[in-house]
Chemist: 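Here it is, the structure, as structure tokens.
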Amino acid sequence: MDTLGRILMVEDDPNDVELTLTALEEYNLANEVVVTRDGQEALDYLYCRGQFSARASDNPAVLLLDLKLPKVDGLEVLHQIKSDDRLKMIPVVVLTSSREERDMMRSYQLGVNAYVVKPVDFHEFVNAVRELGVFWAVINQPPPGSARKEL
Amino acid sequence: MTDLSGGRIRVEARRALARWDLELHNVRSPILRYGFSVACAAIAFGLALTLQYYRFRDVEVPVFTLSIAITTWYAGVGPSVLAVLLSMVLFDYFFTEPLHSFEISIRELPYFFIFATWGIIVASFAAVRRRIEDSLRGAQEELAKRAAELEAANKELEAFTYSVSHDLRAPLRHVLGYAELLQKQSSSILDDKARRYMAMILEASKRMGSLIDDLLGFSRIGRAEARKTAVNLDLLVREVIAELGQDTKDRDIGWTIGALPVCYGDRSMLKLVLTNLLSNAVKFTRIRPRPKIEIGCADGKDNQVEVFVTDNGAGFDMQYVNKLFGVFQRLHRAEEFEGTGIGLATVQRIIHRHGGTVRAEGAVDQGATFYFSLPKR
């Protein structure tokens, strides 16, 4: 039976949120997407704090993480996740504009599962997001305790 | 080998001596400095007595002058005066007739004069040394300041390219994304003119995207560390031509590859140089029914190898040759030949980083030749 894993997206730019969701919607992958707008909110979600204190404590199947974020930036979120025993199993995909080797090196050192540079070309962008969505939310078997919906 | 280690020991010894010298000069406490003066005089006195005991004659004066010189050189003027006085007293009491009395005869005055003059001479040398040291220190401080300023400027530049990389790309992606969506949603209700406008927006945005990417790539070359090894240019040229195969497969290009030397440089950077030059040659010979591209090695000057890439393509006007290697400089219209104008700037930057030079020759419609030189070792 097919299942759809929950995608937690951390992205501060509303345009990027809309374009990414549009790309995911085209392939019916947008139903289980949770959007958080900065690093602090993402950590609140993961730790079920603040506005997310009422949610069930399952982990997302994948985290799509932007690097440049207000308050707590992407690398700090990544560091926090990978140094927490309960959270470090969550696959984290950095989805960023930065092609800088420094960011890439740092992310991999912190244990990121994939690093994707957002293509400027929209078709390529849609393809990249779709493939990420299909792979991490449908094909990949997430670690036990992840939120998924049966299709 | 022994010569080398001997040299190293000499250098080490000289360095240790210089450090010791500097340490002594930096002593500022008056007690230590005057103590040094007294100690020197005492040692000189002891030495003079010992030498006299072994029947060396007339050695007191050189020994005392030496002690005065050392004191003046290291401890400064005050201790130097003390050293002169002490030497005089000791000399008068123990080494001149009548022995063991402070009686000063006219015959001893020249000795006092020698001690004092010697002290003054050494003191003036010490003053010169101090002045040189001060100006050196000033220059060093200035240099350190400049280095700090440079580093700050460099950091700023790095932050700048970093934010270009992050922040300039995002809005561009949005323009492209929404324009694509708009085109998809409403292309049926748009007339030809509007559709053309949409196409222009998309094309211009894509072009801006490639300009930003090229500029970032260009700035990365400046920051990346060059890892130099021996590079076989012949193999590298063949590799690049094979990679250009995509653009050249349905064209009959006459390649001529001369004997190419092994040179010394960063392989991936040199590959970028050749890729840029050869893809340019491929691009600008597109207008020819029988394109010809030749790569070879010209006679380089001392310890340099000079490689050339020549083609029978569109060429350029020698009047604009100095613009050729500038960033985003193009000598052809975009409709004629595509490109952002970063390729030759990249070539020049890489070759300059290798300590070589670039130049070009050409004429309109007669083809172009690009030369770059590299150090052999």
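FYI, side chains are in, hydrogens and waters are out, and symmetry mates aren't considered; it's all heavy atoms of this structure.
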Chemist: Does atom CD of B/Glu338 have more than 12 heavy-atom neighbours, drawn from other residues, nucleotides or ligands, at distances under 6.0 Å?
Modeler: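 It does: B/Glu338 CD has more than 12 such atoms within range.
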
Chemist: Check whether more than 12 heavy atoms from other residues, nucleotides or ligands sit under 6.0 Å from atom CZ of B/Arg196, and answer yes or no.
Modeler: no

Chemist: Can you name the closest pair of heavy atoms from B/Leu176 and A/Phe122 and give their distance?
Modeler: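 Shortest heavy-atom separation between B/Leu176 and A/Phe122 comes out as O-CB, 4.1 Å.
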
Chemist: Should we say atom NE2 of B/His174 is surrounded by more than 12 heavy atoms from elsewhere, each under 6.0 Å from it?
Modeler: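 Enclosed: over 12 neighbouring heavy atoms sit under 6.0 Å from NE2 of B/His174.
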
Chemist: Let me confirm one number: the CZ-CG distance from B/Arg173 to A/Leu19, rounded to the nearest 0.5 Å.
Modeler: 8.0 Å

Chemist: With a 4.5 angstrom heavy-atom cut-off, is it the side chain or the backbone of A/Asp16 that approaches chain B, or both, or neither?
Modeler: both

Chemist: Crowded around B/Tyr320 OH? As in, over 12 foreign heavy atoms under 6.0 Å?
Modeler: no

Chemist: Between A/Thr96, A/Asp103, A/Leu67, which residue shows the highest count of heavy-atom pairs closer than 4.5 Å to chain B?
Modeler: A/Asp103

Chemist: Does B/Glu156, at its CD atom, have more than 12 non-hydrogen atoms belonging to other residues, nucleotides or ligands within less than 6.0 Å?
Modeler: no

Chemist: Name the region of A/Glu124, side chain, backbone, both or neither, that has any atom closer than 4.5 Å to a heavy atom of chain B.
Modeler: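 Neither; nothing under 4.5 Å.
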
